[in-house]
Amino acid sequence: MRVGIVGAGIVGVATAHALLDEGHEVDLIDREGIAAGTSAGNAGWIAHLDIMPLASPKVWRNLPRWAFDPLGPLAIRPSYLPRLAPWLARFVAASQPSRIEASVRAITSLNGMALAAWERRLEALGLRHHLRERGLLSVWADERAFRATLPMIERQRGLGTPVETLDAVALRALEPALGPRAVAGALYPTGKHVSDPLDLTRALGLAALDRGAQLRGFEILAIQERGGEVAIRTSLDTLALYDRIVVAAGAWSKPLAAALGDAVPLDTERGYNVTLPSGRLGLTRPIMFEGEGFVTTPLDSGDRVGGSVEFAGLEAAPNFKRVDAILGRLRRFLPEADLSGGTRWMGFRPSIPDSLPVIGRASRNPNVVYAFGHAHHGLTQAAATAELVAALVADRRPPIDLAPYSPERFGKRL
């Protein structure tokens, strides 16, 4: 079959390989090219150990503190609030205990595939050298907040995840750059990250082209059914015909899904980061600073500091004061680090209120498969999503139940 993949970010290029494995002809369709969007600038974590949705007790516990800080870990630009209101209503609904539990099960199911899928893919392509195996560390500045997280840590252990809890002394023995603000931690020794998300995505994209995939640099105006095939009307005023289409356009997927009959509540969490010269932070592994809304990662390209959630849509200009605010919070943990300079960046995480991606067939055309909305787990879940999409394209039963990720979970179709 001839398959067109809309989007050449990490999910799109991983999906290209899964389809090439099965003998399909593949076009990667992206007007900006490979790794031109959000996949270029994320934190580089393969967070397969994560099991909690954004709508979680941790977020609600911190929300009163965050809500009064316009540069805090979670902010909504006032002008965008009316447009965001329907998403927020669904987010509140997804925060009910039964819904949180359903999201946890679905995240656990997909993330349970994630690392093995990445290891298979990178090994097969000779790209295993992009994987870093230094573990992941969570750090708390509040002993009570740490204790409140212990039930979740025990649940992770019950799922077979090794976790070592650390007091302040053990933390500083592990990461001497941490100052006295760090009072407790949790080390995940099997956690992994990548060399650099831009380098990895480009390497995967180039490998797909070497295997026969084609890169098509046009903008998509519409997806239509045409005589049993799927037609893409392009910005060049031409039609491109395919047997199957995969929509993996991240934050730009919503209008394509709407035209295909699916009212997906997709919005964008704008994330910010700064990449400093390597070694500036003095840290040896990725660290999540719990309750602070940011992480650090020692990438090959430099020490990346980033995170936060800002709701302001796709059009508003970046507010890089948010980077300054992140660095100010980091300074309290790393009092000796040189945090000057660096390269600043902002990207768009495609976010669904229940923190689950959309993986399934379009309502009006079963030859169109969705693979978008991964939010904070795009890199983590890309290789696993690719295997699920390949199963759908081949009309084969997927290795996990896809009902939790179906576009039909949002109710009424357009």
Side-chain angles (χ1 to χ4, degrees), residues 7 9-11 37-45 47 50 52-56 58-60 62-63 66-67 69-95 100 103 107 197 248-255 257 264-274 288-295 297 304-323 325-326 329 344-358 371-382 385 405 410:
I10 191 65
V11 175
T38 304
S39 296
N42 62 67
W45 292 37
D50 193 7
M52 294 302 296
L54 182 63
S56 68
K58 179 174 74 173
V59 168
W60 288 107
N62 288 297
L63 196 59
W66 293 345
D69 182 358
L71 299 178
L74 191 154
I76 302 170
R77 291 201 189 181
S79 61
Y80 194 68
L81 184 57
R83 291 182 60 184
L84 186 65
W87 190 99
L88 286 174
R90 287 183 177 270
F91 182 77
V92 171
S95 302
I100 291 175
S103 291
I107 292 170
W252 290 266
S253 301
K254 184 175 182 176
V264 178
L266 175 72
D267 214 289
T268 175
E269 297 177 35
R270 295 151 61 100
Y272 291 80
N273 69 45
V274 58
M288 165 74 77
F289 292 85
E290 297 285 350
E292 304 289 342
F294 67 88
V295 304
T297 313
R304 183 158 294 168
V305 184
S308 82
V309 171
E310 180 192 42
F311 290 100
L314 293 168
E315 303 299 331
N319 177 10
F320 285 115
K321 290 182 179 179
R322 297 189 64 77
V323 172
I326 291 171
R329 295 195 294 274
R344 300 179 177 216
W345 179 90
M346 188 273 288
F348 303 99
R349 306 184 193 100
S351 182
I352 308 291
D354 59 8
S355 297
L356 303 178
V358 179
F372 63 84
H374 295 77
H376 296 257
H377 291 136
L379 174 61
T380 298
Q381 297 171 350
T385 297
Y405 322 103
F410 304 116

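Just so we're clear, the structure is a prediction, and the values are computed from it rather than from any experiment. FYI, side chains are in, hydrogens and waters are out, and symmetry mates aren't considered; it's all heavy atoms of this structure.
- In this structure, the side chains of Pro197 and Ile10 stay at 4.5 Å or more apart for every pair of heavy atoms.
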- Message: For Thr268 and Lys254: C-alpha separation, side-chain torsions, deciding distance, then whether side chain to side chain contact (heavy atoms under 4.5 Å, CB included) applies.
- Response: CA-CA 10 Å; Thr268 175; Lys254 184 175 182 176; over 6 Å; no
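- Residues Arg329 and Leu71 come closest through the heavy atom pair NH1-O, 3.5 Å.
- Taken to the nearest 0.5 Å, the CD1 atom of Ile76 stands 13.5 Å off from the CZ atom of Arg83.
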Would you mind writing out the side-chain donor-acceptor pairs for residues 346-353 within the sub-3.5 Å range, not counting sequence neighbours?
{"from": "Arg349", "atom 1": "NH1", "to": "Ser308", "atom 2": "O", "distance (Å)": "3.0"}
{"from": "Arg349", "atom 1": "NH2", "to": "Ser308", "atom 2": "O", "distance (Å)": "3.0"}
{"from": "Ser351", "atom 1": "OG", "to": "Glu269", "atom 2": "OE2", "distance (Å)": "2.6"}

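- Closest of all the heavy-atom pairs between Thr380 and Ala47 is OG1-N, 2.7 Å.
- The CE atom of Met52 sits 6.0 Å away from the CD1 atom of Ile100 when rounded to the nearest 0.5 Å.
- To the nearest 0.5 Å, atoms CG (Leu88) and CZ (Phe311) are separated by 6.5 Å.
- Shortest non-hydrogen contact noted between Asp354 and Ala94 is CA-CB, 4.0 Å.
- Rounding to the nearest 0.5 angstrom, the gap separating the CD1 atom in Ile326 from the CG atom in Asn273 is 8.0 Å.
- Atom-to-atom distance recorded for Leu54:CG and Leu74:CG is 6.5 Å, nearest 0.5 angstrom.
- Val358 is listed as a side-chain neighbour of Phe410, based on a closest heavy-atom distance under 4.5 Å.
- Of all the heavy atoms in Thr297 and Ala43, the pair that sits closest is OG1-O, 2.9 Å.
- Once rounded to the nearest 0.5 Å, the distance linking CG of Asn319 with CD of Glu310 reads 6.0 Å.
- Heavy-atom minimum distance, Gln381 versus Pro357: OE1-CG, 3.8 Å.
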- Message: Would His377 and Ile107 count as a side chain to side chain contact (heavy atoms under 4.5 Å, CB included) here? Give the steps.
- Response: CA-CA 9 Å; His377 291 136; Ile107 292 170; 4.2 Å; yes
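- Residues Trp252 and Leu314 form a side-chain contact, since some pair of their non-hydrogen atoms from C-beta on lies under 4.5 Å apart.
- Asp267 places a side-chain heavy atom less than 4.5 Å from the side chain of Tyr80.
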- Task: Please test Trp345 against Thr38 for side chain to side chain contact (heavy atoms under 4.5 Å, CB included), starting from the C-alpha separation and ending with a verdict.
- Result: CA-CA 10 Å; Trp345 179 90; Thr38 304; 4.2 Å; yes
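- Here the side chain of Ser39 pairs no donor or acceptor atom with the backbone of Gly9 at under 3.5 angstrom.
- Among all heavy-atom pairs drawn from Ala317 and Arg77, the shortest one is O-NH2, 2.7 Å.
- Among residues two or more places apart in sequence or in another chain, the side-chain contact (heavy atoms from CB on, under 4.5 Å) test is passed with Ser253 by Val247, Ala249, Leu266, Phe372.
- You'll find the side chain of Tyr272 stays beyond 4.5 Å of the side chain of Val305, heavy atoms only.
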